[in-house]
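I have placed the structure first, in the form of structure tokens, so that the comments after it can refer back to it.
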Amino acid sequence: MCSIGIGYDLSASTFSPDGRVFQVEYAMKAVENSSTAIGIRCKDGIIFGVEMLVLSKLYEEGSNKRMLNIDRHVGMAVAGLLADVRSLAESAREEVSNFRSNYGHDIPLKHLLDRVAMYVHAYMFGCSFMLGSYDEDDGAQLYMVDPSGVSYGYWGCAIGKAKQAAKTEIEKLQMKDMACRELVREVAKIIYIVHDEVKDKAFELELSWVGEVTNGRHEFVPRDIKEEAEKYAKESLE
Amino acid sequence: MPLSAEPSWMSCEVSTGTTIMAVEFEGGVVIGSDSRVSAGQSVVNRVMNKLSRLHDNVYCALSGSAADAQAVADVVDYQLDLHSIDMGGLPLVKAAANMVKDISYKYKEEMVAHLIVAGWDKSKGGQVYGTLGGMLIRQPFAVGGSGSTYIYGYVDSAYKKNMTKDDCHKFVANALSLAMNRDGSSGGVIYMVTITEKGTEDKVILGNELPQFFDD
């Protein structure tokens, strides 16, 4: 039972003879063990949906949220080692705060993304995350960063154990023509579709959004809208 | 009585006595200044351009101590160079003004300088910011320097909302001319820069072309 990269996998600064950095690949495995998170960009905002697996009935509902605010106008949805995520979010928040102090305005998402991706590359983190924001000047933007430090802009993106299945579902959507209110239901439906009833029993759906509907602030989707979205999702599965 | 007395202007601080001004209009700003630099009672430069480029779309007008004001403008010019490349585009006027404000506030006890920052950006169009004493405040127009005290009444009465670019040119030329006539530390020619989406236009109004008012 040899591990794949034996000899070349002890350090993130070691390349294997076939040009792979095994530590980065192992970090990505940590992300794949986490439950699914998806992010979709529509014409007037971004919606995040997270499949929160409930490992014990004794857990308080709503603890260990996997959507965080990096700034009022920037939301982050994550998959991977939660402790790493918290540390990374803290650094990102400091970055945002310093920018505002130096330049007097909200940090543009692309710039924040570059800074956080460089940080992820410099230090190893066992998580992937999506950043989303909406403002009048640049509209809706959605980016994803993986443990290698590479980032891409997306219309729709999925991370975690069911990311392939989620991506297939996302590709069916015409998100460029949809508004946040419609898209919320579709995001809920995708999480319900990709959730594995057999392997992982109970789960909670978490939804958050940032867009014209929230005046550019990243917030959790209000309870009534979330309940309506979940109802639609459950009905679609029947 | 000392045997060789140094003239007082050799030991006086070099000041851009000055009158400076900036006005917003739909689509841009006009920023203007006089051109006199004095050391005590001596005019050491009668044609200095006190409008300093912070970036392609942001200029500042210098007043107070010539050295202090130039030092601030130079630092912010450098910082904006890096910032704009980092951000991949023209900086926001507010960002430039914020940087000027930070330095002005941090060193307010050691320095005597007031910079008016004005420019155009895609987000909010033409903007004028006053940074006197280390504050940051956006204004439709701003005046500064020793000569500005003589023209507060004029600018308050002559300013109208929604002026055109040409109206603003006349407004600035008239105001600076009046101040230059009354303030001993202001004079020379008028330098004006107009900043819009298309870029910048420079203008110089020479002494004999200045608007004339009551001046017996």
Side-chain angles (χ1 to χ4, degrees), chain A residues 41 44-46 70-74 91-122 131-145 149-154 210-212 214-218, chain B residues 27 54-58 60 72-73 75-108 115-139 142 197:
Chain A
R41 172 183 161 189
D44 65 348
I46 308 288
I70 301 304
D71 194 13
R72 284 176 307 210
H73 66 297
V74 177
S91 306
R93 285 166 179 159
E94 275 171 25
E95 190 67 40
V96 164
S97 213
N98 281 338
F99 185 94
R100 186 177 277 116
S101 174
N102 288 335
Y103 303 110
H105 64 92
D106 290 350
I107 191 169
L109 185 59
K110 186 86 200 357
H111 188 242
L112 173 65
L113 176 83
D114 289 341
R115 301 285 297 172
V116 180
M118 266 197 281
Y119 191 75
V120 164
H121 173 253
L131 288 177
S133 84
Y134 176 84
D135 64 63
E136 276 168 4
D137 291 334
D138 302 316
Q141 296 173 83
L142 172 65
Y143 296 98
M144 193 270 280
V145 181
V150 166
S151 61
Y152 294 97
Y154 287 92
V210 54
E212 212 181 316
T214 63
N215 270 325
R217 292 181 112 93
H218 177 248
Chain B
L54 295 181
H55 203 78
D56 293 342
N57 61 322
V58 186
C60 69
V72 174
V75 169
V76 176
D77 180 346
Y78 161 78
Q79 287 175 343
L80 273 181
D81 257 350
L82 292 177
H83 176 62
S84 64
I85 291 190
D86 220 359
M87 309 291 285
L90 295 174
L92 293 185
V93 184
K94 189 166 189 194
N98 220 71
M99 289 149 91
V100 169
K101 176 266 287 176
D102 278 346
I103 300 173
S104 302
Y105 184 70
K106 187 167 181 188
Y107 297 103
K108 69 182 288 176
L115 278 66
I116 296 179
V117 179
W120 178 92
D121 64 49
K122 203 169 59 162
S123 175
K124 294 203 180 76
Q127 299 147 73
V128 169
Y129 292 91
T131 65
L132 185 63
M135 72 172 173
L136 180 63
I137 184 159
R138 182 178 171 188
Q139 301 167 273
E197 183 174 6

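Here is the naming used below: chain letters follow the sequence lines, and residue numbers restart at 1 for every chain.
- Of the listed residues (B/K94, B/Q79, B/H83, B/K101), the greatest number of heavy-atom pairs within a distance under 4.5 Å of chain A belongs to B/H83.
- No more than 12 heavy atoms of other residues, nucleotides or ligands sit less than 6.0 Å from atom NE2 of A/H121.
- Taken to the nearest 0.5 Å, the CG atom of B/D121 stands 8.5 Å off from the CG atom of A/D137.
- In this structure, CG in B/D86 is found 8.5 Å from CZ in A/F99, a value given to the nearest 0.5 Å.
- The heavy-atom pair separating A/N102 from B/D102 by the smallest distance is O-OD2, 3.9 Å.
- Within a 6.0 Å sphere centred on CZ of A/R93, other residues, nucleotides and ligands contribute more than 12 heavy atoms.
- At least one donor-acceptor pair under 3.5 Å links the side chain of B/N98 to the backbone N or O of A/S101.
- Annotation: A/R115, atom CZ; neighbour count of heavy atoms from other residues, nucleotides and ligands within 6.0 Å does not exceed 12.
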